[in-house]
Colleague: 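Pasting a structure below so you can have a look.
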Amino acid sequence: MRFDPSEIGEVLEMVLFRELDIRAVTLSVNTVPAARPSAAELADALEEVLLPYLKRLRPAVEKVASRLGVRIVTVRLAVSPMSILLEPSGKAEAALEAARRLEELAVKYGVDMVGGFSGFIHAGVSRGDRALIEALPDVLNSTTRLAGFLNVASTYTGVNLDAVRASADVVLSLKPHAAARFAVAANAPEDVPFMPLAYHGLGLPDAVVNIAVSGPGVIEAVVRNMPDADVRTLHDAVKRAAFKITRLGELVGREVAKELGVEFGAVDLSVAPSPKVGDSVAAILEAMGLTRVGSPGTVFALALFVDAVKKGGAMATSTVGGLSGAFIPVSEDAVMSKAAAEGHITFDLLKAMAAVCNTGIDMVGIPAEAPRDAVAALIADVMALAVHLDKTLGVRLIPVPGAKPGDVYDLGGLYGQVAVIGLPHSGEVALVQRRGVAPPGIERLKKG
Amino acid sequence: MGDYVVVSVLGADRVGIVAGIASVLAKHNANIVDISQTVVKDIFSMVMIVDVSKADVDIAALRRELEEEGRRLGVMVAVHHIDVFRYMQRI
């Protein structure tokens, strides 16, 4: 196979100078066989199930990265929803014991994050869910690598307001570093490689490899080179770049799966940003011609971008999975974070953006003293969007003690600078104090 | 069936860049099957397609030695498997 020097040059520019890399290789493992009635037995059984995979995971990823010459930023593990493993015991202590063991194993075997401290409570709470919800604050506050979510709404069943309140309580009980590893979700897919939404779905085989790609810098460079292009030409160029980015994910996924001897699951084609300069999705929107991300035109630019990414990515892999849209975790995107700190990003804008992408409200600071009802109401808004637009959305809020709107809290690493946005309401919100599950929308009936 | 990597070299032009890189490849029995090289405004750029199927070291070790040679020559050297280009540039 021959390549034109310009073709080689283009790939080299992306990989060497535009931060094109693989955000995460996430090995997803069925841990349901580890369910046990006692805390100690559960932790031991989890280790037994996971050990054969853990021993080989990082060496396999490093071997593939080295062979291909591609940077793989993080190595992650997703386990079955912990709520299921807690059904036999129904005890929060069992979750804590399992958490301590998983954190130890993650450190020992070089796994950057473990996802799956999760429960599905969109239509009600079971015994295992209750144990998980009780344990989540301690689990997340006392660890550094574990992640989880509560799925409180779904297109099939509607929005569970009781679950919304419970999840708001969890959010407000978390320290900032722990809150970054917890989301409130709707319609969480079974094969997400991104944290904190990664878990081993019930429809999956014993183990699969899912891939998260990155590379906003590649697309920003493409867009910046086309200041005079009409929108269709611009869309086409973004689509072509997204194709190439996603293909790299497909290649890495296949190679790692082969190396590990497990099935290749899915590529999440979302172009994930990071706090580094030149790795920002918001910068792409500005390069399209927005004076400032957050100003009018933001939703239009985002919709154009997301659509192109999806169409380019869909051609690049037949195993699209996960979130596969665009998400802009506010703190994890340097341009977005700065705009938020300067007051250009509001919760209302983020909700509007959620209508055309998978962002929801992600990695935004709130005062830790914010009233529970205000947080619950904000979550309820995003859940309603997810249910009525039939899509996956999440809310990941960082409660910062004593913070005021405009303050910035540095979480460091991939999490970046968390800008605090003020919640408009205070005190009690009678609406979210109502009990029960709001019915699903008409989208549900289309499904038969 | 060959196992190909793309060796790319970029940096300020000077005597001995091609010789230095090629000698590392020859030492390890890696066969250069294609080479293109340009110098624009004193910036040297070279792309080699190299068959490593009969090489006596793996790609990681070869990359380390080539990068070391690059440092000695004051140029940047990158080594990628051809699959990266095949996946990204071909449907």
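Below, chain A is the first sequence line, B the second, and so on; all start at residue 1.
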Colleague: Let me confirm one number: the CZ-OG distance from A/R18 to A/S214, rounded to the nearest 0.5 Å.
Modeller: 14.0 Å
Colleague: Among A/R67, A/E250, A/M315, A/E255, which residue forms the greatest number of heavy-atom pairs with chain B at distances under 4.5 Å?
Modeller: A/R67
Colleague: Specify which of A/I8, A/L251, A/V11, A/V70 makes the most heavy-atom pairs with chain B at under 4.5 Å.
Modeller: A/L251
Colleague: So which atom in A/G115 and which in A/M195 form the shortest heavy-atom distance, rounded to 0.1 Å?
Modeller: N-CE, 3.3 Å
Colleague: Quick one: CE on B/M48 to OG on B/S36, what's the gap to the nearest 0.5 Å?
Modeller: 9.5 Å
Colleague: Give a yes or no on whether the backbone of A/E62 and the side-chain of A/S66 come within a donor-acceptor separation of less than 3.5 Å.
Modeller: no
Colleague: Side chain from CB out, backbone as N, CA, C, O: work out which of these in A/V15 comes under 4.5 Å of a heavy atom of chain B, or both, or neither.
Modeller: side chain
Colleague: Hey, is the main chain of A/V209 close enough, under 3.5 Å, to the side chain of A/S28 for a donor-acceptor pair?
Modeller: no
Colleague: Can you check whether anything in residues 222-248 of chain A gets within less than 4.5 Å of chain B, heavy-atom wise, and list it by number?
Modeller: A/F243, A/K244, A/R247, A/L248
Colleague: Is a donor from one side chain sitting under 3.5 angstrom from an acceptor on the other, for A/S274 and A/D279?
Modeller: yes
Colleague: Heavy-atom cut-off 4.5 Å, strictly under: side chain, backbone, both or neither for B/V47 against chain A?
Modeller: side chain
Colleague: Quick check: are there more than 12 heavy atoms from other residues, nucleotides or ligands sitting under 6.0 Å from NZ of A/K63?
Modeller: no
Colleague: Which members of residues 58-78 of chain B, sorted by number, sit under 4.5 angstrom from chain A on a heavy-atom basis?
Modeller: B/I59, B/A60, B/R63, B/M76, B/A78
Colleague: Rounded at 0.5 Å granularity, tell me how far CG in A/L302 sits from CE in A/M288.
Modeller: 8.5 Å
Colleague: For the side chain of A/R23 and the backbone of A/T74, is there at least one donor-acceptor N/O pair under 3.5 Å apart?
Modeller: no
Colleague: Give the minimum heavy-atom separation between A/D333 and A/P273, together with the two atoms involved.
Modeller: OD2-CB, 3.5 Å
Colleague: Is there a side-chain contact between A/L285 and A/F305 (heavy atoms, below 4.5 Å)?
Modeller: yes
